[in-house]
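So the structure is just underneath, and the comments pick up after that.
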Amino acid sequence: MLKAFYSVEDFRRGARRRMPHMIFDALDGAAGTERASRLNMAALENIRLQSRILVNVEHRELSTTFLDRQWDLPFGIAPMGMCNLFWPGADEALASVSRQRNMPLAVSTMASSSLESIIERAHGNAWFQLYAGESDELTQTLVERANEAGYQTLILTADVPVLAPRLRDLANGFEVPFTMGPRQVADFARHPRWVLDTLLNGTPKPVNVGSPESGAHSSGGVAGFRRESGRGHIDWTFLSQLRSMWAHKLVVKGVMSPTDAKMAVDAGVDAVYVSNHGGRQLDAAPGAIQMLSLIRQAVGPDYPLLFDSGVRSGEGIVKALVSGANFVMLGRPFLYALGANGPDGLRHLLDMLANELSIVMAQLGCNDVRQLNRAMLVTDL
Ligand SMILES: Cc1cc2nc3c(=O)[nH]c(=O)nc-3n(C[C@H](O)[C@H](O)[C@H](O)COP(=O)(O)O)c2cc1C
């Protein structure tokens, strides 16, 4: 069975078969015409790497240090809301694998399990991703809960001042919090495994934030978070307030402008997270990888940079690292793997990515991920 998965695209196809159509679309889709999403992948594909010969690359080191922690691999799992909706038990599976592989899992504000339970299962290998804006009280509660639960890294996602329309979700009538209505019955009838497991586990909800539609109150006791709510008033003043509230590592996610990257450095954040949200926000955005080198130039050679958007292979991870990232995150591929083959699929994907990464390093004459650098890019063709 596992033999059928040789690439992220194989996992994607497997997930499409096993997930209800509207659920797959909510995962796979992006903003508007989905041009930014496609461009993310195309721009990465267009990067060419310089092979080298006669270097002893018998031993290749894949572990690295990022934000004062040692990780076994130079990549981790990007924050994704409502993972259990895409595949039942996804939060648990992602947390377990982050512990087993010593890799970071970014836990979304919109996670479908409590932020406390996820970091516990991940054995501390978890970063908390904050959506701020609905109310100061909710933001403060989330930050305090993250601190008390032992999170050492807080990621402020700053590229959702408003939620971009996703045409596939609109056409399918997909909404969060999720409700099963008559419209979905035919779609779901064709995917009994997903439906059964989802019903057995209870329909996933964004449990860390109360939602007015569901009437649910978070365990933090503050209700009222709406996914569509305006976060438009979140500005640089808020970032400096957050900086004084949070004593551990602070990261800003969704940076696509060299000017913003420099401003974030000046605001005292510990790392900048270059990302266009996997093309799920500004459809007119360039491919995220196209901005990475420029942002690296703007912040200087030593400043910590995280990268995501469009990475679909170990080769893609290498390309992001040589373009200036210190650490790489992937989003959709992990949920494709779970959708296609559950926790086995997840483990298989991780082995595949690590193996691809290691093979490309050998071809570049590189035996340590920390030595991947700009000279390995072929730029003047
Ligand atoms: C289903 C889904 C849910 C997401 N939810 C969040 C979220 O709650 N917070 C956030 O900062 N980013 C969220 N993202 C964006 C990811 O963190 C990441 O930027 C993006 O998926 C990277 O692109 P990739 O999927 O091409 O790897 C989400 C992405 C997906 C696909």
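Atoms within each ligand, like the ligands themselves, are counted from 1 in listed order. Nothing fancy with the numbering, it's 1 onward along the sequence.
Looking only at protein heavy atoms, the nearest one to atom 19 (O) of ligand 1 is Asp308 OD2, 2.8 Å. Among all non-hydrogen protein atoms, the one lying nearest atom 7 (C) of ligand 1 is Tyr131 OH, 3.3 Å. The protein atom (non-hydrogen) at minimum distance from atom 15 (C) of ligand 1 is His277 CD2, 3.4 Å. Closest to atom 8 (O) of ligand 1, if we only count protein heavy atoms, is Ser108 OG, 2.7 Å. With hydrogens left out, the protein atom closest to atom 5 (N) of ligand 1 is Gly81 N, 3.0 Å, a heavy atom. Annotation: atom 4 (C) of ligand 1 to nearest protein heavy atom, Met80 CA, 3.5 Å.
For atom 21 (O) of ligand 1, the nearest non-hydrogen atom from the set Gly331, Ser275, Ala111, Ala288 belongs to Gly331. Looking at Gly279, Gly310, Pro79, Gly278, it is Pro79 that brings a heavy atom closest to atom 17 (O) of ligand 1. Looking at Arg332, Lys253, Arg280, it is Arg280 that brings a heavy atom closest to atom 2 (C) of ligand 1.
Contacts between Arg312 and ligand 1, counted as non-hydrogen atom pairs separated by less than 4.0 Å, involve the side chain only. Neither the backbone nor the side chain of Met329 has any atom closer than 4.0 Å to an atom of ligand 1 (non-hydrogen atoms only). By the criterion of a heavy-atom distance under 4.0 Å, the side chain of Gln129, and not its backbone, is placed next to ligand 1.
Using a cutoff of 4.0 Å between basic side-chain nitrogens and carboxylate oxygens, Arg13 and Glu9 are scored as salt-bridged. Salt-bridge annotation for Asp197 and Arg193: present, with a side-chain N of the basic residue lying under 4.0 Å from a carboxylate O of the acidic one. Using a 4.0 Å cut-off between charged side-chain N and carboxylate O, Arg12 and Asp28 make a salt bridge.
Residues Leu250 and Leu242 meet the side-chain proximity criterion, which asks for heavy atoms closer than 4.5 Å.
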Discussion item. Please evaluate residues Arg332 and Asp308 with respect to the criterion salt bridge (Lys or Arg N to Asp or Glu O under 4.0 Å), reporting the C-alpha separation (whole Å), side-chain torsions for both, the decisive distance (0.1 Å), and the verdict.
Written reply: CA-CA 11 Å; Arg332 296 177 185 89; Asp308 79 23; over 6 Å; no
Worksheet entry | Full working for side-chain hydrogen bond (donor to acceptor under 3.5 Å, both in side chains) between Arg35 and Asn40 | CA-CA 9 Å; Arg35 188 168 291 240; Asn40 281 336; over 6 Å; no
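The number of heavy-atom neighbours closer than 6.0 Å to CZ of Arg52, taken from other residues, nucleotides and ligands shown, is 12 or below. Dense packing is recorded around CZ of Arg168, with more than 12 heavy atoms of other residues, nucleotides or ligands lying under 6.0 Å away. With a 6.0 Å radius and a threshold of 12 heavy atoms from other residues, nucleotides or ligands, Asn201 has its CG atom above the threshold.
Atom numbering of ligand 1 starts at 1 in the shown order; those under 4.0 Å from a heavy atom of Phe86 are 1 (C). Every atom of ligand 1 with a heavy atom of Thr157 under 4.0 Å away is listed here by number and element: 10 (C), 11 (O). Numbered from 1 in the order shown, with element, the atoms of ligand 1 that lie under 4.0 Å from a heavy atom of Ser309 read 22 (C), 23 (O), 26 (O).
In this structure, Met291 CE and Met256 CE are separated by 6.0 Å, a value rounded to the nearest 0.5 Å.
Remark: the Thr33 side chain and the Asp283 side chain contain an N/O donor-acceptor pair separated by less than 3.5 Å.
Under the 4.0 angstrom criterion for non-hydrogen atoms, Leu27 is in contact with ligand 1.
Looking at Met110 next to ligand 1, no N or O pair under 3.5 Å apart turns up. Between Ala78 and ligand 1, no N or O atom pair is found at a separation short of 3.5 Å.
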